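First comes the structure, then the notes that go with it.
A note on names: the letters A, B, ... follow the listed sequences, proteins ahead of strands, and every chain is numbered from 1. For clarity, every value in this text was computed on a predicted model and none was experimentally measured.
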Amino acid sequence: MFLKFKNEAERVLKDALEKASYEYKDLTLDLDESEHADLSSRIAFSLARTYKKPPATIAADIVNHLELPTGDMLIGDAVAVGPYINFSVNDSFLRKTLQGLKNGIAADRKKEKIILEHTSANPDGPLHIGHLRNAIIGDVLVRVLERAGYEVETQYYLNDMGRQIAVVVWGADRIAYDETKKADHAVADVYIAANRMLEENDEFLDEVGELMRRYEAGDAEVVRKYEVAVQKCLSGIQASFKRLNIQHVVFVWESTFARSGAVKGVIEELTRKGNIKLEGSAILLQLEGIEKALVIQRADGTSLYTTRDLAYHRWKGENCDRVIDVFGKDHELVSQQLSKALELLGVKSPEFVIFAFVSLPSGSLSTRAGRYISADELMEKIEERAYDEVDKRRTDLDDSKKREIARKVGIGALRYDMVKVSPDKHIVFDFDDALDIEKKGAPFIQYSHARACSILRAAQEQGYVAVSKDYDASRLKEPSETELIKKLSKLGYVIEAAAADLKVHQVTKYARELAESFNLFYKYCPVLNAEDELRKARLGLVDCARIGLRDVLAVLGIEAPGEM
RNA sequence: GGGCCCGUGGCUUAGCUAGGAUAAAGCACCGGCCUUCUAAGCCGGGGAUCGCGGGUUCGAAUCCCGCCGGGUCCGCCA
């Protein structure tokens, strides 16, 4: 609803500028949200220069020429305040916002289909907190885009051809998996132990190399061994995804591109179209604007990760309208090379969401060195901590109910924390901080939602109709009521903006503000004790707030408990 | 050494793409509020030369240049 209001205000402003004969062509008409008005224009500042008049005079002049539309419109008023032109909404805007929430607003269906890639962690162990950032940013982005009306397919690129996996497969022949452990953790044990053996005895290195060659060639026995190892790790990763409330991902195996001939095709085409340098039998591709030449084929004729990734991205590009990759900062150069090479191939370039690293106070993360905190360990501990908090507050509930709430609160807190910060901020992970449930953003929002549910429950218990079909929204005149409605009206607008900019952390900020608005309403506007018509209207508003809070949490992939 | 990113109260951050109304939140700290729908809440208070130096502009946290500090990449690894 807010976007409609904004469009309307911009149109009205444009008409006024024309009527007052101001030349505004090069200037932006874009209106800003402001604490002083629902929307505000600063255009008078820009016009002041060319027209050599004080901005306040120009603003007043524009407002004099401004005609508020008649009929069923959303603008309440437009006034000049000094150099600013401030627009406010009318009652109809508020009423329509509530109506829209009640009916469930469907976003305009976008035509584009998007393939979004996230996580793509090597299947050599469990997800650690670095992967967590990737997975959660990616998953929230998927939810934002879907909510904004896009069709999204989420893919996890499975690097099954790397050295790491060869080391796991090699190790699995010599070391037994610990079957008492979660599968991906058992794989990590073998991986770490195998690495140690390889460091101590470099004759083994040839055996690992042999495995890689046979796997690329499609040797049946080796392929079978690989599949066992990769699937084992994958089952663990999928279990973690499920627990994290990560939506369905399609696993795409790297090796399929090597074996299908797609990689060969890419090499041939780049050799034909690109600026190529040969060093022995190795093929190097010189890309524009990138100093370092990109090796696309080894001297021994085998393929490289980059080339296989190129084949994968070509395939993605040909099967959808937009390709989005959520990558770590270490892939930044790779992503540039990817774009340039795809350009040569005539395939559209992906859009990248690059996130900075998560490190420990003791340094960077490493699966091989066993220096990492697994996502599972973190989830385990944060759920435990959340349970302590629930237990403290709700002695009346039975244990399974408390566990259920603790799970939602714990995982929610974790997810919120991971996306609330802009992706380009480096994070030093602090365990105590991560587990401190009381200072988290998610429980604050979940709590507001629970309060809304609680009011509706109490209404029913007291024999009222919790949500009447018709109520008089014009009775909602308290500042905390109108503020809450205005905040609710921005839900769709915020999601559209986040989808357009691919910036998910904006949604967390909005979610907090919405909860804050509801808490103020809760504080200042008694619902059940209000007189009949007002109670009906307030119950209607509570229900809309419940929907808004639930929806914004859903976009963040956070479950909304009905009580806490 | 070169490229990219970050540097905002004690701590964690938003704001920076499109420069404008007293720099906005959370945590921590101090002081208040549970006989009315869950106090995981609400109200009030102190605390910031927006890393440093220059420039552009009527106006800079925001744009430009330089410097300092931190991160990251620069493999015939993945």
Applying salt bridge (Lys or Arg N to Asp or Glu O under 4.0 Å), name anything that partners A:E478, two or more places apart in sequence or on another chain.
-> none

In terms of the angle between their ring planes, are A:H331 and A:Y305 parallel, tilted or perpendicular, with boundaries placed at 30° and 60°?
-> perpendicular

Taking only distance into account, with no hydrogens and no angle test, what donor-acceptor pairs under 3.5 Å do side-chain atoms of residues 499-506 of chain A form with protein atoms, sequence neighbours excluded?
none

Sugar-phosphate only, base, or nothing, as touched by A:A450 at under 4.0 Å among non-hydrogen atoms | base

List in chain and number order the residues that pass ring-ring contact (aromatic ring centres under 6.0 Å, His included) with A:Y493, two or more places apart in sequence or in another chain; answer none if no residue qualifies.
-> A:F2

With heavy atoms under 4.0 Å as the rule, sort A:F45 into base, sugar-phosphate or nothing.
-> base

When all nucleic acid strands are considered with a 4.0 Å heavy-atom cut-off, which category describes A:L520: base, sugar-phosphate, or nothing?
-> sugar-phosphate

Between A:F251 and A:Y157, is the gap from one ring center to the other below 6.0 Å?
-> no

Is a salt bridge present between A:R535 and A:E531, judged by a nitrogen-to-oxygen distance below 4.0 Å?
-> no

Do A:R451's NZ or CZ and the ring of A:Y522 fall within the cation-pi criteria of under 6.0 Å and 45°?
-> yes

Which word best sums up how the rings of A:F429 and A:F431 line up, parallel for under 30°, tilted for 30 to 60°, or perpendicular for over 60°?
-> perpendicular

A:V390 near the nucleic acid: base, sugar-phosphate alone, or nothing, with a heavy-atom cut-off under 4.0 Å?
-> base

Indicate, with a heavy-atom threshold strictly under 4.0 Å, whether A:S34 touches base, sugar-phosphate, or nothing.
-> base

For B:C6 versus B:G44, give the span between their C1' atoms, rounded off to a whole number of Å.
-> 35 Å

When rounded to the nearest Å, what value does the distance between C1' atoms of B:C63 and B:G19 take?
-> 7 Å

Chain A on RNA chain B: first and last contacting nucleotide, 5' to 3', under 4.0 Å to a heavy atom?
-> B:C4 to B:A78

Nearest-angstrom distance, P atom, B:A28 to B:A18 | 38 Å

When you compare B:G45 with B:A25, how far apart are their P atoms, in angstrom units rounded to a whole number?
-> 11 Å

Value rounded to 0.5 Å, distance of NZ in A:K486 from CG in A:D38 = 3.5 Å

Can a cation-pi geometry be assigned to A:R259 and A:Y215, taking NZ or CZ under 6.0 Å from the six-membered ring centre and within 45° of the ring axis?
-> yes

Find out whether the Lys NZ or Arg CZ of A:R512 is both under 6.0 angstrom from the six-membered ring centre of A:F444 and within 45° of the ring's axis.
-> yes

For A:Y524, answer base if it contacts any base atom (sugar-phosphate contacts may also be present), sugar-phosphate if it contacts only those atoms, and nothing otherwise; contact means non-hydrogen atoms under 4.0 Å.
-> sugar-phosphate

When A:N86 and A:N519 are each assigned the nearest nucleotide of RNA chain B, the 5'-most assignment goes to A:N86

Whole-Å P distance, B:A48 and B:G10 = 7 Å

Residues within residues 403-418 of chain A bordering RNA chain B, heavy-atom distance below 4.0 Å = A:V409

Per the 3.5 Å Watson-Crick/G-U criterion and a run length of at least three, the stems involving RNA chain B are B:1-7 with B:68-74, B:10-13 with B:24-27, B:29-33 with B:41-45, B:51-55 with B:63-67

